[in-house]
Amino acid sequence: MKKAGACIAFLLVAVFSVWAAVPGAAGAASPAFTDIGQHWARADIEKLAALGYIKGYPDRTFRPERQVSRAEFITLLISCLGASPADRTKTYFADVRTTHWALAQINEAVKRGILIPGEYPGGLAPDGPIMRSETAAMVVRALGKAPDSTPLPFKDQDKLARSMYRGYIKTACNEGLLTGYSDGEFKPFAHLTRAQACAILVRFLEKQGEKQGASPTPLPGAAAGGITSVVVGGKSFDIRTTPVAFKSGLSEIGVSRIETAGASIIVNGTYRFVLNSAAGNPDVVIGNARYTVEKLSVSGSSLVVATGARKVYKVAVGGYRYGADYVKLYIGDRYGTNYLSDAELTGEHTVEIDGREYDLAEDKITIAVAGRFYRVKGFVFKERDTEISLEETDPVVVEKPDLSDITAVFVGPRPLDLGRVKRLEFLIDGEIYSLSEVALDASGSFVVDEKTYPAAGVTLFADGAWYEITKAAVYKGKLIFYCTESEVEAWAVVDGRYRPAGGIRILKDGASYPLESVLVVKRNVVRIGGRQYEVDSSIKCRVDGKIYDIEEIDFDAAREMVVLETEEATGSGQPAKYVFYLGGTVLQNGVKDEDRIYAGGRWREFDEVVILDPARFACGGAAYDLIGARVKIGGAEYTVTDTAWRGRTQTLEVYLKRAQ
């Protein structure tokens with residue numbers, strides 16, 4: 001059972017877990033989460049857990065403020081509707097592969113009209129955080145309600161006006177599914193948290209009014225007293241004397257009684273499973289032997305289980321037994337998102353994981369149990385047990401390290417004096433992480449929030465100095481970093497993400513200024529070209545080729561860097577991309593660092609240019625004709641003969657001829 005990268009709604013061990021059997025399963029135990037004692041959503045979290053829809057982390061925390069992805073929320077919403085989707089034959093979104101863990105749930109949401117593909121022209125981004133406005137639309141559609149176009153009572157009317165879901169937001173508020181914040185705003189573009197998701201779904205279930213529990217009716221040929229035995233692999237087990245359990249997602253159902261109800265069975269009077277179905281079946285556990293199920297059928301007073309693969313149910317280490325659903329499994333030296341329960345046992349020394357077979361004598365398969373790592377050597381199959389042969393080995397992943405876990409940090413041939421280092425952090429994908437927030441695997445890759453990043457590309461920050469990591473190594477559980485001096489002279493924070501300040505331009509009156517030349521006097525007051533301005537709509541910034549309105553600019557003295565809050569500008573006319581043509585064919589896609597344009601008596605970088613319209617550009621406060629301008633592309637000189645603007649993709653096509 002795959003989690004995280006292929007998580008099951010809200011990731012347990014990394015988030016929530018959904019019961020694929022019966023939504024709203026009454027009687028499920030409510031876990032005592034240790035971190036929601038005074039939380040505003042405590043009652044909703046505990047109720048959804050008691051109903052069997054969610055669980056927390058193995059350390060008994062729930063982490064209510066973590067974000068929820070689209071795939072996670074869709075999966076849980078579909079489960080709340082009582083559906084068991086199985087359609088994995090197609091995809092409605094270009095970025096949702098047929099191997100995505102939530103494909104069936106996403107397809108079900110599309111079929112029910114909960115999810116509209118046309119609203120995501122650039123792709124669903126299923127593993128990206130879902131916005132509150134999207135959530136409102138989904139739950140309203142799931143209830144079969146219509147959007148309400150009457151005014152909304154929130155202060156952030158400008159943001160609500162930009163949301164395509166404002167009508168759904170009004171209906172969701174009318175129905176009591178969502179509310180605003182204490183500051184009077186709704187925040188439609190804010191990301192949904194786990195706690196908010198629980199509150200919404202509890203209200204959704206109340207509105208839906210769905211109560212489980214059907215009156216069991218015997219199938220033809222079934223015993224009047226219900227099912228008394230389970231037949232697995234041709235052998236019959238009496239459920240009154242043999243421990244039998246069903247595993248559905250991360251939920252385990254110890255079987256005490258089984259009754260029939262139409263084309264289904266009901267376990268313990270609560271959990272419903274469909275008979276003669278090739279999809280949505282739970283795993284079955286006999287003693288300590290676990291099997292996937294291809295089909296359930298009834299013969300007389302027996303439940304006949306057509307089994308698929310065999311799996312490990314629990315593993316014994318150091319006198320304790322650990323559930324395979326919670327034991328991390330690693331292939332080779334790399335971090336992954338698999339658990340021991342993902343391994344299908346195809347032989348005493350072979351396993352299949354994610355469709356690929358591994359020979360345990362040749363391939364390194366490792367599990368982590370109670371902070372130690374063990375290489376899997378083989379299996380012993382018994383009628384009611386599966387034993388696993390293990391050999392302790394070096395760690396595959398070092399999680400939450402501290403300075404004592406670092407053997408050395410080399411900058412070129414010179415090692416840093418770690419005894420003097422007080423603060424060590426990492427810049428990964430634009431965000432800063434402390435040492436204790438990262439993990440490293442034995443291949444030398446970083447792991448943050450279940451995502452893996454190569455060491456080359458990670459920046460190390462040590463007591464005010466920045467270094468580019470070229471290689472990281474893990475040796476016997478200790479870390480070694482090899483670095484070079486960073487070429488980035490200054491950093492800035494744009495919308496919470498760190499970026500090289502050299503790649504950011506400030507635009508004012510047709511001129512483009514490097515951020516380093518702009519003095520931030522105080523919040524939203526800047527000095528540009530010797531003059532002081534209050535930031536308004538006439539001052540914009542360019543980041544990664546796109547133009548943004550500046551909502552706030554300030555200087556963070558503690559970090560010694562400019563901090564920008566922005567919003568993408570509309571109708572700026574600035575190209576996100578240039579395409580250069582020569583003789584009707586593409587000469588070059590994009591602008592390279594060495595490319596130049598001639599203006600004001602000298603060659604200028606394209607970053608210095610502001611496009612006024614497809615025929616004119618500005619540089620240094622003066623305007624010039626783009627048609628007839630001289631440019632250098634790839635070291636050769638050309639003259640611009642024509643241009644074309646593609647507004648949908650914000651692309652400026654530039655047509656050239658060789659300069660005479």
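Starting from 1, each residue takes its place in the sequence as its number.
Looking only at side-chain heavy atoms (C-beta outward), Arg66 and Thr193 stay at 4.5 Å or farther from each other. Looking at heavy atoms from C-beta onward, Phe273 lies in side-chain contact with Pro282 at the 4.5 angstrom threshold. Residues Glu65 and His39 have side chains in contact (heavy-atom distance under 4.5 Å, counting atoms from C-beta outward). The closest side-chain heavy-atom distance from Arg112 to Leu81 is below 4.5 Å. Looking only at side-chain heavy atoms (C-beta outward), Tyr433 and Glu431 come within less than 4.5 Å of each other. Side-chain contact between Tyr165 and Glu134: present, with at least one pair of heavy atoms (C-beta onward) separated by less than 4.5 Å. A 4.5 Å side-chain heavy-atom check between Ile367 and Tyr330 finds every atom pair outside the cut-off. When side chains are defined from C-beta on, Pro126 counts as touching His100, because their heavy atoms get closer than 4.5 Å.
A donor-acceptor pair shorter than 3.5 Å can be found between the side chains of Tyr498 and Arg559. Looking at Lys170 and Ser149, their side chains never bring a donor and an acceptor atom within 3.5 Å of each other. Inspection of the Asn524 and Asp554 side chains reveals no N or O donor paired with an N or O acceptor under 3.5 Å. Thr99 and Arg97 are not linked by any side-chain donor-acceptor pair at a separation below 3.5 angstrom, with hydrogens and angles left out of the test.
Between Asp429 and Lys451 there is no salt bridge, since no side-chain nitrogen of the basic residue lies less than 4.0 Å from a carboxylate oxygen of the acidic one. In this structure, Asp342 does not pair ionically with Lys311, as no charged nitrogen and carboxylate oxygen lie closer than 4.0 Å. A salt bridge is defined here as a Lys NZ or Arg NE, NH1 or NH2 lying under 4.0 Å from an Asp or Glu carboxylate O, and Arg523 with Glu551 fails to meet this definition. The existence of a salt bridge linking Lys314 and Asp325 is excluded, since no basic side-chain nitrogen approaches an acidic carboxylate oxygen closer than 4.0 Å. Ion pair Arg162/Glu567 flagged as a salt bridge, since at least one NZ, NE, NH1 or NH2 atom sits closer than 4.0 Å to an Asp/Glu carboxylate oxygen. Salt-bridge annotation for Asp127 and Arg70: absent, with no side-chain N of the basic residue lying under 4.0 Å from a carboxylate O of the acidic one. Between Lys159 and Asp156 there is no salt bridge, since none of the side-chain N atoms of the basic residue sits less than 4.0 Å from a carboxylate O of the acidic one.
Going from atom CD of Gln157 over to atom CD of Glu185 covers 10.0 Å, rounded to the nearest 0.5 Å. The distance from atom CD1 of Ile106 to atom CD1 of Ile74, rounded to the nearest 0.5 Å, is 5.0 Å. For the atom pair CD1 (Ile547) and SG (Cys541), the distance works out to 7.5 Å, reported to the nearest 0.5 Å. Going from atom CD1 of Ile286 over to atom OH of Tyr313 covers 10.5 Å, rounded to the nearest 0.5 Å. Atom-to-atom distance recorded for Asn338:CG and Leu329:CG is 6.0 Å, nearest 0.5 angstrom.
A cation-pi geometry, defined here as NZ or CZ lying under 6.0 Å from the six-membered ring centre and within 45° of its normal, does not hold between Arg60 and Phe33. In this structure, Arg132 is not positioned above the aromatic face of Phe189 in the sense of NZ or CZ being under 6.0 Å from the six-membered ring centre and within 45° of the axis.
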* With side-chain contact (heavy atoms from CB on, under 4.5 Å) as the test, would you mind laying out the steps for Cys198 and Tyr53 before giving the verdict? => CA-CA 10 Å; Cys198 287; Tyr53 287 103; over 6 Å; no
* Assess whether side-chain contact (heavy atoms from CB on, under 4.5 Å) is satisfied between Asp183 and Lys155, documenting all intermediate values. => CA-CA 8 Å; Asp183 61 1; Lys155 291 181 179 179; 5.8 Å; no
* Would Ser297 and Asn276 satisfy side-chain hydrogen bond (donor to acceptor under 3.5 Å, both in side chains), going step by step from the backbone distance to the final call? -> CA-CA 6 Å; Ser297 59; Asn276 300 307; 4.7 Å; no
* Run the numbers on Leu201 and Leu77 for side-chain contact (heavy atoms from CB on, under 4.5 Å), then give the verdict. => CA-CA 7 Å; Leu201 289 166; Leu77 179 58; 4.0 Å; yes
* Audit row: Ile227, Val298, side-chain contact (heavy atoms from CB on, under 4.5 Å) steps and yes/no -> CA-CA 8 Å; Ile227 304 299; Val298 170; 3.9 Å; yes
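Of all the heavy atoms in Phe93 and Val110, the pair that sits closest is CE1-CG2, 3.9 Å. Between Ala324 and Val312, the shortest heavy-atom distance links the atoms CB-O, 3.2 Å. Minimum interatomic distance between Leu192 and Ile200 (heavy atoms only, all atoms of both residues): CD1-CD1, 3.7 Å. Heavy atoms only, all atoms of each residue included: Asp95 and Ala125 are closest at OD2-N, 2.6 Å. Nearest heavy-atom pair across Ala261 and Arg272 is CB-NH1, 4.2 Å. The nearest pair of heavy atoms linking Ile169 to Ser133 is CD1-CB, 4.0 Å.
In this structure, Thr292 contributes its side chain and Ala309 its backbone to a donor-acceptor pair below 3.5 Å. The backbone N or O of Glu294 sits less than 3.5 Å from a side-chain atom of Asn281, completing a donor-acceptor pair. When atom types are taken as modelled, the side chain of Glu175 and the backbone of Ala172 share no donor-acceptor pair closer than 3.5 angstrom. Of the possible polar contacts, one joining the Asn107 side chain to the Lys90 backbone as a donor-acceptor pair under 3.5 Å is found. Judged by distance alone, with hydrogens and angles left aside, the side-chain atoms of Thr171 form a donor-acceptor pair with the main-chain N or O of Gly167 at under 3.5 Å. Not a single donor-acceptor pair under 3.5 Å links the side chain of Ser69 to the backbone N or O of Gly128. Put simply, the side chain of Gln105 never gets that close to the backbone of Glu72: no donor and acceptor are under 3.5 Å apart. A donor-acceptor pair under 3.5 Å links the side-chain atoms of Arg194 to the main chain of Phe62, judged by distance alone.
With a 6.0 Å radius and a threshold of 12 heavy atoms from other residues, nucleotides or ligands, Lys111 has its NZ atom above the threshold. Annotation: Lys295, atom NZ; neighbour count of heavy atoms from other residues, nucleotides and ligands within 6.0 Å does not exceed 12. Other residues, nucleotides and ligands contribute at most 12 non-hydrogen atoms within 6.0 Å of the CZ atom of Arg334.
If you look at Tyr339 and Tyr326, their ring centroids are not closer than 6.0 Å. Aromatic pair Phe186/Tyr181: centroids not less than 6.0 angstrom apart.
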